Amino acid sequence: MIDETHVRRLHDARSEDAALVLLEGRAHVVDHAAPDEEGPAGALLVITRRDLVDRIGPAPTDGEVRDLARILTDLAGKLGA
């Protein structure tokens, strides 16, 4: 569901407000995901760029990216996405 490409795309996003969301069971990186805005209808926020960088740092290793993708996939599954 969420793979290393999604994590890298979010990490490398230009917008500080970028986020990884799930929409209809598929992961998408979007430019803006403010908690007070709905964003794409039915989208489930998984992680923001800020939270991702806080978690794995500014220069993550391939292993860190792979591990986070696995953790986020597991989290999304538990949330019922």
Side-chain angles (χ1 to χ4, degrees):
M1 181 181 308
I2 297 170
D3 62 29
E4 297 166 44
T5 303
H6 297 111
V7 175
R8 285 276 180 209
R9 283 185 59 213
L10 180 58
H11 187 274
D12 296 342
R14 287 184 173 175
S15 173
E16 287 295 318
D17 295 322
L20 179 64
V21 299
L22 293 176
L23 182 60
E24 297 177 359
R26 300 184 79 193
H28 301 275
V29 175
V30 295
D31 289 335
H32 192 272
D36 58 338
E37 294 182 16
E38 291 182 23
L44 174 66
L45 176 64
V46 177
I47 192 168
T48 64
R49 183 182 182 281
R50 287 185 184 118
D51 290 341
L52 183 142
V53 173
D54 285 348
R55 186 168 186 144
I56 62 176
T61 66
D62 290 342
E64 290 169 324
V65 170
R66 183 176 44 253
D67 290 345
L68 185 56
R70 183 178 35 81
I71 290 166
L72 294 175
T73 295
D74 185 52
L75 174 65
K78 289 178 181 175
L79 292 173

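Sequential numbering from 1 along the given sequence is applied to the chain's residues. Just so it is clear, the structure is predicted and the values come from calculations on it, not from any experiment.
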Is the backbone N or O of [Y] less than 3.5 Å from a side-chain atom of [X], with the two atoms forming a donor-acceptor pair by type?
{"X": "His11", "Y": "Gly57", "result": "yes"}
{"X": "Asp3", "Y": "His6", "result": "yes"}
{"X": "Thr73", "Y": "Ile2", "result": "yes"}

Distance-minimising heavy-atom pair for Pro58 and Val53: N-CG1, 4.3 Å

Minimal non-hydrogen separation, Asp31 against Ser15, with atom names: O-OG, 2.9 Å

Partner of Val30 by side chain to side chain contact (heavy atoms under 4.5 Å, CB included), out of Leu45, Leu23, Val21, Leu10: Val21

Among Leu22, Leu20, Asp67, side chain to side chain contact (heavy atoms under 4.5 Å, CB included) partner for Leu72: Leu20

Could you tell me the separation between the [atom1] atom of [X] and the [atom2] atom of [Y], rounded to the nearest 0.5 Å?
{"X": "Arg49", "Y": "Asp12", "atom1": "CZ", "atom2": "CG", "answer": "8.0 Å"}
{"X": "Arg8", "Y": "Arg66", "atom1": "CZ", "atom2": "CZ", "answer": "10.0 Å"}
{"X": "Leu52", "Y": "Glu64", "atom1": "CG", "atom2": "CD", "answer": "10.5 Å"}

Neighbour count >12 (heavy atoms, 6.0 Å) for atom CD, Glu24: no

Criterion side-chain contact (heavy atoms from CB on, under 4.5 Å) on Val46 and Met1, from CA distance to verdict: CA-CA 12 Å; Val46 177; Met1 181 181 308; over 6 Å; no

Candidate pair Asp74 and Arg70, rule salt bridge (charged side-chain N to carboxylate O under 4.0 Å, His left out), full reasoning: CA-CA 6 Å; Asp74 185 52; Arg70 183 178 35 81; over 6 Å; no

Side chain to side chain, Ile56 and Val7, heavy atoms closer than 4.5 Å: yes

Residues Arg50, Asp17; criterion side-chain contact (heavy atoms from CB on, under 4.5 Å); working and verdict: CA-CA 7 Å; Arg50 287 185 184 118; Asp17 295 322; 3.2 Å; yes

